[in-house]
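A quick note: this is a predicted structure, and the numbers were derived from the prediction, not measured. Just so you know, ligand 1 is whichever comes first in the structure, and atom 1 is the first atom listed for that ligand. In what follows, every heavy atom counts, from backbone to side chain, and hydrogens, waters and symmetry copies are set aside.
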Amino acid sequence: MTPPRILRGRLLSFNRRPLSISDTESYVYEDDGGLLISGGRILAFGPFETILLDAPEGAEIVDHRPNLILPGLIDTHLHFPQMQVVGSYAANLLEWLNTYTFVEEQRFADPAHGARIAVSFFDEMIRQGTTTAVAYCSVHKASADAYFAEASKRNMLMLGGKVLMDCNAPEVLTDTPQSAYDDTKAVIADWHGKARNHVVISPRFALTSSHEQMEVTGALAREFPDLHIQTHLSENTAEIERALELYPEAQDYTDIYARYDLLGAKTLLGHAIHLSERERDVLNETGAVAVHCPTSNLFLGSGLFPFKDYETREKPVRIAVATDIGGGTSYSMLKTMDEAYKIQQLRGERLNPLESFFAMTLGNAEALSLADRIGTLDPDSDADLVVLDARATPAMALKMDAVSTLAEELFLLQTMGDDRAIAETYVAGNPVKSGL
Ligand code: GUN
Ligand code: FE
């Protein structure tokens, strides 16, 4: 086991959603902070001098000043088999899926291909300061095996699942209701609860699952009530029309999933852009989470996510944020929030930088029901951390000379930052980015 370490730097950790840019009660900030970590956990958080006094003898001191130390960033929706789909030229979601994505994902039938991409995938997560992610694998069980094998090797807290899809896609990229059930159960048996892995029941979306497969998905959800469920909802208007043609008995798109018992507090609904008031109420009542994927929504022209409407309505909708690689165009959660900000600008709303950094950390941890483990610097949390350098490039450094508040610095990191601003990434207490 590695010896205890004290990380010295400017510590920032949220304790709840910031209500405004001046909501200083929503976070804890230590200008000269110390974080004592050992055995993969955070043991203590406070002023450096205090932490030093109480630290065990022989603790190694790592000085990250003047950089910020935050909980590791969390990406709540992306596609492991789409690293080579990023930046594919298409008019809209359905063209993009059929022309590129359903072709590329076929390559993951080959376990060797999956194993090779998994190395690149986790290297990229670490490069971007993302310490937890929720991924769709491909339809092939082998892709989930590759994903979780690599996650286990790196001891990262990762969520993911084999995609369930049995229709409206190339034959070679489909399973059947029975094989989807059997393979998902096998992935659960092989990986769930091993290392830091969480298996997610992952029906792709209503268009690619038959009624029979939806039944099976509901059965899995009832059999494994503790597991997360992820799918896509109301991303694109043509998609919505098609979903309602396939499921004419449903009141609306959300109702398709409700009919199969798929909506609950551990359900992650990718996109969820074009929801009626009724559907928003259903999300509120079930606790299902709308996962906002801003770079993807802009790239595919899907729509402008009504972030503030969801957040401030009488029955609020839970929101998470994510990259949606390969519909999304950046692996960076900083860039993701930059684009989220711009989408709200186009809607005449504002997303303040405190809220953005809350969203990438504690907000996403709460959306995953994992805030007891990740998303804060609270003692007993897992020591998954990101070290942020707001002077990472000459242009950022120049702008930093004109910055005087923490909120301004965060906004600069979000607006100009990317993987270059990630000075270090810690996974379970170990620095991993510098070793790449
Ligand atoms: N809807 C169904 N599958 C996908 C996917 O792979 N990416 C996106 N953005 N939307 C989807
Ligand atoms: Fe997606």
Checklist line | No-hydrogen, no-angle side-chain donor-acceptor test under 3.5 Å, E249 and H211 | finding: yes
Check: Nearest to atom 6 (O) of ligand 1, what protein heavy atom do you find, and at what distance?
Finding: R204 NH2, 2.7 Å
Item checked: N/O/S from D324 sitting under 2.8 Å away from the Fe ion (ligand 2) -> yes
Check: Can you check whether F357 and Y27 have ring centres sitting under 6.0 Å from each other?
Finding: no
Checklist line | Close aromatic pair by centroid cut-off 6.0 Å: H140 and H113 | finding: no
Note to self: If we ignore hydrogens and angles and just use 3.5 Å, is the side chain of K433 paired with the main-chain N or O of I422 as donor and acceptor?
What the structure shows: yes
Checklist line | Degrees at the Fe ion (ligand 2) between the NE2 atom of H232 and the NE2 atom of H79, nearest 10° | finding: 100°
Notebook entry, point to check: Hey, is ligand 1 close enough to D324 that some N/O pair sits below 3.5 Å?
Noted result: yes
Note to self: Pair Q213, D175 - check side chain to side chain donor-acceptor pair (under 3.5 Å), show working.
What the structure shows: CA-CA 9 Å; Q213 185 166 74; D175 51 15; 2.8 Å; yes
Item checked: Closest protein heavy atom to atom 10 (N) of ligand 1, given as residue, atom name and distance to 0.1 Å -> E235 OE1, 2.7 Å
Notebook entry, point to check: So, S296 versus D324: side-chain donor-acceptor pair below 3.5 Å or not?
Noted result: yes
Next item on the list: Examine the proximity of ligand 1 to Q82 and report which part, side chain or backbone, both or neither, has a heavy atom under 4.0 Å away.
Entry: side chain
Check: Is the Fe ion (ligand 2) less than 2.8 Å from at least one N/O/S atom of H77?
Finding: yes
Margin query: Is it the case that the ring center of F205 lies less than 6.0 angstrom away from the ring center of H271?
Written below: no
Note to self: If the cut-off is 2.8 Å, does any N/O/S atom of C293 fall short of it from the Fe ion (ligand 2)?
What the structure shows: no
Next item on the list: Please say whether T101 places an N or O atom under 3.5 Å from an N or O atom belonging to ligand 1.
Entry: no
Check: At what distance is the nearest protein heavy atom to atom 7 (N) of ligand 1, and which residue and atom is it?
Finding: W96 CZ3, 3.4 Å
Checklist line | Which segment of L97 sits under 4.0 Å of ligand 1 when only heavy atoms are counted | finding: side chain
Check: Looking at OH of Y253 and CG of L207, how far apart are the two atoms once the value is rounded to the nearest 0.5 Å?
Finding: 5.5 Å
